[in-house]
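In what follows, a single structure is set out as C-alpha cells and then discussed.
Computed from a prediction, not measured in an experiment: that's the story for all the values here. To find a chain, count down the sequence lines: A is the first, B the second, and so on, and within it residues start at 1.
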Amino acid sequence: MKLKKIDATGKPYRIFAEHLESQAIDQFVGAMQLDSVLKGALMPDAHSGYTLPIGAVVAVQGMVYPSFVGYDIGCGMCAMKTTFRPADIRTHAPAIFKRIYEQLPVGFAHRKTPSEWGDFKRLDHTPHLKKLMVNGGLKQLGTLGSGNHFVEVGEDESGAVWIVIHSGSRNIGHSVATHYLKAASPDGRPREGFFGLLTDSAAGEDYIRDMAYCLAFALENRRQIMHVVADAIASQVEGKLIVSSLINRTHNHAEKTGGLWIHRKGATHAEDGMPGVIPGNMRDGSFIVRGKGNPESLSSSSHGAGRVMGRKEAKRKIDLASFAADMRVRGITAKVDRHTLDEAPGAYKDIHEVMAMQADLVDVLHHIRPIINIKG
DNA sequence: ATGTCC
C-alpha cells in the first residue's frame, strides 16, 4: 500500500475510513498543513471532533496540541479475564447488575470519601493539578462517568468471562485539558483552532507532565472500577479476576516516539504485538486485539465503531422498542431506556465492518459478547 | 468528555 498525499502539503497520510463527513476532512487536512505536523492517519471510525477529528493520529515535531488529545485525557479501555462461569453470570445477571450499580458511582456521581491511590503524590505533576487532586480528584477515582463510558461483563468464543471497562480521567483530565487549551489560545479562552504549545516552553513542559499524570489517573480509575465490578460479581457467584491478564490501552494521548510527538485522539496504540481492546457497541460487545505496528496508521487502530449519528439525532430516530427487543433476544442485561437510546447499536457503524477495514492494523484475538452492560 | 460556568 502506498501513502496518499495531500497536494497542498505533500505530506504522507493515509485514511482508513470511508464516508467521512466534510467537516472531518477539513479538520484533518487543516492539521496536516501545519508546519509542525509531519505525518497523519485517520482510523476507520473517524468523525469530526473538537478541532481535530476523533479517530485522527498526527505526528508532530517540537509542539504538543491539547486539542489533538482532547478533553478526556487518558480515556481508554481495560479488559481482564476472570474465572467466573458464563452460566452463573447469566443465571444471576439481574442481581449482579443491581449490585454493580449499588457499588459503582456512574454519571456525575463521585465517591463520598477519597479513594486510596499510592502513586498520587509520587508522580510528577504541577501545582495546578495538585490543587485539582486535593479538591475532589481522589473522590472520582473508581467512578465510571457518562456518555459512551461503560462496563461490560461478557463471554468470549472459548467460554471465558471477561470484564471490560471504558472510562477516562473524569473531571481531572477535563480540567487539565481546559487549562492548557487556555494557555495555547491566543486570547486565553479555550477555542477551536490549531493552537499548540512548544515542547520546550514552560507551558508545553507542564502540559506533558500533567498529561502523563492524567494517563496514570485514568488507568488507576479503570483498575479500581475493575475490582469494584469483580467484587460485585463475586458477592453473587463463585470466581475471581485473573489479574495477570490485564490489558490497558488509552486512546486519547500524546507519546514521544522517534523524536516526534504522536497525538492519538480516539485512536488505539497498536505497536507490533501490543495487546488492545476495541469496543463495538452494547449489543455486539468488544474485541481483544494484537497490534501490527503498521507505519501507515502510525501504529494505531480505531478506538471503537465510530458514531454514524449524533446523540440528539439518535434519540429522535432510533426506535426504543426495537432496541429493547434486540438486547432482550440476546439475553443482555442492560439499562435500555430513552436515556441510553443514543448508545443503541444503530447509533454506531457496524463494528464488524470497522474491524474488516483495519485488518492491516490489528489481528483479532477474542470477541467478547456481552452478558451484562453498565452505563452512566 | 465534564459534580454540565470560578
Side-chain angles (χ1 to χ4, degrees), chain A residues 24 27 45-56 65-78 101 104-115 127-151 165-183 185 187-192 207 210-211 213-215 217-219 221-222 224-225 249-254 263-268 279 281 302-307 309-312 314-315 339-340 342-343 347-348 374-376:
Chain A
Q27 289 176 336
D45 58 339
H47 54 98
S48 65
Y50 183 86
T51 301
L52 189 74
I54 317 296
Y65 287 81
S67 60
F68 290 3
V69 173
Y71 273 102
D72 192 356
I73 301 168
C75 182
M77 304 296 302
C78 276
Y101 273 108
L104 177 67
V106 304
F108 289 111
H110 53 79
R111 298 191 171 277
K112 291 187 180 69
T113 55
S115 300
H128 173 257
L129 180 42
K130 185 180 180 183
K131 203 180 296 174
L132 295 171
M133 286 302 292
V134 173
N135 294 342
L138 286 175
K139 291 183 182 174
Q140 294 175 358
L141 261 183
T143 68
L144 186 66
S146 46
N148 56 4
H149 290 175
F150 70 88
V151 173
I165 314 279
H166 180 206
S167 188
S169 52
R170 312 293 286 105
N171 187 53
I172 288 293
H174 186 271
S175 298
V176 167
T178 303
H179 182 77
Y180 293 97
L181 283 165
K182 286 178 183 171
S185 166
D187 64 0
R189 306 162 71 111
R191 59 173 65 253
E192 289 205 63
Y207 177 69
D210 285 350
M211 175 186 58
Y213 190 96
C214 289
L215 299 186
F217 181 92
L219 165 59
N221 183 40
R222 291 190 289 272
Q224 293 197 12
I225 293 170
R249 280 275 85 72
T250 163
H251 44 237
N252 288 355
H253 67 271
H263 295 62
R264 294 190 180 83
K265 186 178 189 183
T268 305
N281 60 59
S302 91
H303 81 313
R307 296 195 77 88
M309 55 179 91
R311 294 188 180 279
K312 269 188 281 183
K315 287 189 177 180
H339 303 291
T340 55
D342 54 351
E343 285 293 311
Y348 288 92
I374 305 290
K375 283 226 174 253

Protein-nucleic acid N or O pairs under 3.5 Å, nucleotides 2-6 of chain B:
from	atom 1	to	atom 2	distance (Å)
B/dT2	OP1	A/R170	NH1	2.5
B/dT2	OP2	A/S146	N	3.0
B/dT2	OP2	A/S146	OG	3.1
B/dT2	O2	A/H174	NE2	3.1
B/dG3	OP1	A/N171	OD1	2.9
B/dG3	OP2	A/R170	NH1	2.8
B/dG3	OP2	A/R170	NH2	3.4
B/dG3	N7	A/H110	NE2	2.6
B/dG3	N2	A/N171	ND2	3.0

- Between atom OH in A/Y180 and atom C1' in B/dA1, what is the gap in whole Å? 19 Å
- Message: Quick check against the 3.5 Å criterion: does A/N252 have a side-chain atom that pairs as donor or acceptor with the backbone of A/C75?
- Response: no
- NE2 on A/H253 to OG1 on A/T268, rounded to 0.5 Å: 9.0 Å
- Message: What contact category does A/N148 fall into here, base, sugar-phosphate, or nothing, at under 4.0 angstrom with non-hydrogen atoms?
- Response: sugar-phosphate
- Message: Closer than 3.5 angstrom, by distance alone: can the side chain of A/H166 be matched with the main-chain N or O of A/N148 as a donor-acceptor pair?
- Response: yes
- Can you tell me how far the CG atom of A/D210 sits from the CG atom of A/L215, to the nearest 0.5 Å? 11.0 Å
- Message: Assess, by modelled atom type and distance only, whether the side chains of A/S169 and A/D72 contain a donor and an acceptor separated by less than 3.5 Å.
- Response: yes
- Message: So A/R311, base contact, sugar-phosphate only, or nothing? Heavy-atom distance under 4.0 Å.
- Response: sugar-phosphate
